[in-house]
Amino acid sequence: MQKSKSGQKILFAVSEAVPFLATGGMGQVAGALTGALAGLHPEYDIRVVMPLYAAFRAQYEATMRPLGETTVKLAWRNQYCGVYEQKHGAVTYYFVDNRDYFDRPRTYGYFDDGERFAYFSKAVFAVMELTGFIPDVIHAHDWQTALVPIYMKTHLADECAGMRSVFTIHNLEYQGQFAWNTLEDVFELQADEAGLVEYNGCINLVKGAIVCADWLTTVSPSYAEEIQSGGGYGLDAILRENAGKLSGIINGIDYMAYNPATDPLLAKNYMVDTLEDKLENKMKLQTLFGLPKAPCKMVIGLVSRLVSHKGIDLVTHIMDDLLGLDIQFVLLGTGDHAYELFFSEKAVSHPHKVGVNIVFNPELAAMLYGGADVILMPSKSEPCGLVQMIACRYGAIPIVRKTGGLGDTIRDCRAGDGNGFLFEEYNADLLLDTIVQALNLYKYHEDDWKNLIRQAMQSDFSWDNSARAYAEIYERLQDGI
């Protein structure tokens, strides 16, 4: 491949990206970061390659431009690869078409996920050949594209000479681990390359990307430290060995998408200087969750996946004490059946205090942010977190545990100039005590509470600072640092 010498060309290799598809934070980041980079550096040529899934094919296919087709060789397979193009703002998206791999009801969770995303990783290079877009930097994300920097250092090293790679870890819990007998047959790696991906007797694709990538990032400074010191899900030592090329860069949120002044899903729009209009959203939220309208009662919101690492066990532990307070509690989310059942039963037994929707619905989520007074986020682990930033944007005060990106974005108002409440130990009593202190501030110090809301809403969680940090990495890599 002949790399262009002119300009900074960046190719994101990612398994999902908004506005096309996002199952979690990675998709939000990929869509927002590329747009922010294009705005910050209009001279950059930023493009994204991702699979063409059934989930959005019908919606966008009519506006996609077919660029052609090619063949992707993966071990003994020779697989069809169609390539489509779509512009989104200043960013060009390439979509890899292979219906056998991607025309499925779900994005992930299949027995052949290893093969599906090995194919996609090889297809990234086929797309470059077909389109003639040869990037200066390829930016890969999580285990689904961990093979991209691995291939760049192994059997595609000659073709990728001069290109540099960045690998972002969004959540280290998911490492792309597969049985050893898939090394050559699925991943097209040879015996003399096995050491790059071997870990604890199996293939670990993220371990290989950590070793092979020219630079590593993760989604908050604190998470970058935590994964080297006990929070690395077994890869702590590997990350410490590669700490010299690891940066923690906090995610941002899309200020156009999350804007209480313009959000069409709210009952009434508001800004930091029209906080009285937030009350209408509170009463609409109470109605939507089947609660009595009570404008003066503090509404505590929880919008989360109902899984243990989100701190849901802390909430269940204190629930009876919580219901003894002068509050209402609303929950939106799905997850472990035991948690779903627990909260559903509380809604039945306390219909005037608890409202629960075991779904994820964008309208309800917007109303929860817009109407709640407080948002709980007592996570056991949280690489970055978006909920606490969105909550601040909408003036719902976050109560969070100091872990990962939560501690990097929320400053405890009890220590002075803060935008939320922060507790350190993973402890249910501490969570309850923090909620009680927030309730006391809400009930008895109205002016201080309003000032706290203003402080939260004026927090800067835009993508600008993050985009600058990524741009610096790209340029340092180009300079050979």
First locate atom [atom1] of [X], then atom [atom2] of [Y], and finally report the distance between them rounded to the nearest 0.5 Å.
X	Y	atom1	atom2	answer
Q86	M50	CD	CE	11.0 Å
M271	R454	CE	CZ	13.0 Å
L52	N98	CG	CG	10.0 Å
F421	I399	CZ	CD1	6.0 Å
L422	T434	CG	OG1	8.5 Å
I473	R164	CD1	CZ	12.5 Å

Without hydrogens or angle criteria, can the side chains of [X] and [Y] be said to hold a donor-acceptor pair below 3.5 Å?
X	Y	value
Q455	D417	yes
S165	W215	no
T70	E129	no
T107	T23	no
D408	S222	yes
S459	N419	yes
S304	K310	no
N204	Q175	yes

Exercise. Would a line drawn from the ring center of H139 to the ring center of Y470 be shorter than 6.0 Å?
Worked result: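 Ring centroids of H139 and Y470 are less than 6.0 Å from each other.
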With the side chain counted from C-beta on, respond yes when [X] and [Y] share a heavy-atom pair under 4.5 Å apart, and no when they do not.
X	Y	answer
K87	V91	no
Y474	L37	yes
E475	H41	yes
H309	E173	yes
Y270	Y394	yes
E159	M152	no
C384	M389	yes
T131	Y94	yes

Within the side chain of [X], is there an N or O that forms a donor-acceptor pair under 3.5 Å with the backbone of [Y]?
X	Y	answer
D464	S466	no
D236	G232	yes
E193	L196	no
N357	V359	no
K73	A75	yes
K402	E425	no
R104	D100	yes
S220	Y223	yes
D254	A257	yes
T145	A13	yes

For this session: Evaluate whether atom CD of E184 has more than 12 neighbouring non-hydrogen atoms of other residues, nucleotides or ligands under 6.0 angstrom away.
Result: yes
Exercise. Counting only heavy atoms not in K245, do more than 12 sit closer than 6.0 Å to its NZ atom?
Worked result: yes
Looking at [X] and [Y], what are the two nearest heavy atoms and their distance?
X	Y	value
F102	V96	CD1-O, 3.9 Å
V14	M26	CG2-CG, 4.0 Å
K9	D136	N-OD2, 2.6 Å
L364	N361	N-OD1, 3.0 Å
G333	L306	O-CD1, 3.9 Å
I138	M163	CD1-SD, 4.0 Å

Problem set entry | Matching residue for Q388 among I375, L406, I397 - test: side chain to side chain contact (heavy atoms under 4.5 Å, CB included) | L406
Exercise. Just checking, R393 and Y255: is the charged tip under 6.0 Å from the six-membered ring centre and within 45° of the axis?
Worked result: yes
Exercise. Do the numbers put R106 on top of the ring of Y110, so that NZ or CZ is under 6.0 Å from the six-membered ring centre and no more than 45° off the axis?
Worked result: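 The answer is yes; both the distance and angle limits are met.
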Charged N-O contact under 4.0 Å between [X] and [Y]:
X	Y	result
E382	R401	no
R57	D97	yes
D214	K153	yes
R116	D113	yes

For this session: Please assess Y80 against T71 for the test side-chain contact (heavy atoms from CB on, under 4.5 Å), listing each intermediate value before the final yes or no.
Result: CA-CA 5 Å; Y80 162 82; T71 299; over 6 Å; no
Exercise. When F187 is tested against each of Y151, F178, W180 for ring-ring contact (aromatic ring centres under 6.0 Å, His included), which residue passes?
Worked result: F178
For this session: Among F117, Y174, Y108, find the one that has a ring-ring contact (aromatic ring centres under 6.0 Å, His included) with W143.
Result: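 Result: among F117, Y174, Y108, F117 is the only option passing the ring-ring contact (aromatic ring centres under 6.0 Å, His included) with W143.
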For this session: Check step by step if side-chain contact (heavy atoms from CB on, under 4.5 Å) holds for F95 and V48.
Result: CA-CA 8 Å; F95 297 98; V48 179; over 6 Å; no
Problem set entry | side-chain contact (heavy atoms from CB on, under 4.5 Å) between V197 and L189, worked out | CA-CA 9 Å; V197 295; L189 294 170; 4.0 Å; yes
Problem set entry | Ring geometry between Y119 and Y101 (parallel below 30°, tilted from 30 to 60°, perpendicular above 60°) |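 Aromatic pair Y101/Y119 classed tilted.
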For this session: Evaluate the ring planes of F56 and F20, with Trp represented by its six-membered ring, and classify them as parallel (under 30°), tilted (30 to 60°) or perpendicular (over 60°).
Result: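 Rings of F56 and F20: tilted, 30 to 60°.
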Problem set entry | Residues V137, L11; criterion side-chain contact (heavy atoms from CB on, under 4.5 Å); working and verdict | CA-CA 6 Å; V137 178; L11 180 65; over 6 Å; no
For this session: Determine, step by step, whether T168 and T217 satisfy the side chain to side chain donor-acceptor pair (under 3.5 Å) criterion, reporting the C-alpha distance in whole Å, the side-chain angles of both residues, the deciding distance to 0.1 Å, and the verdict.
Result: CA-CA 5 Å; T168 293; T217 73; 2.6 Å; yes
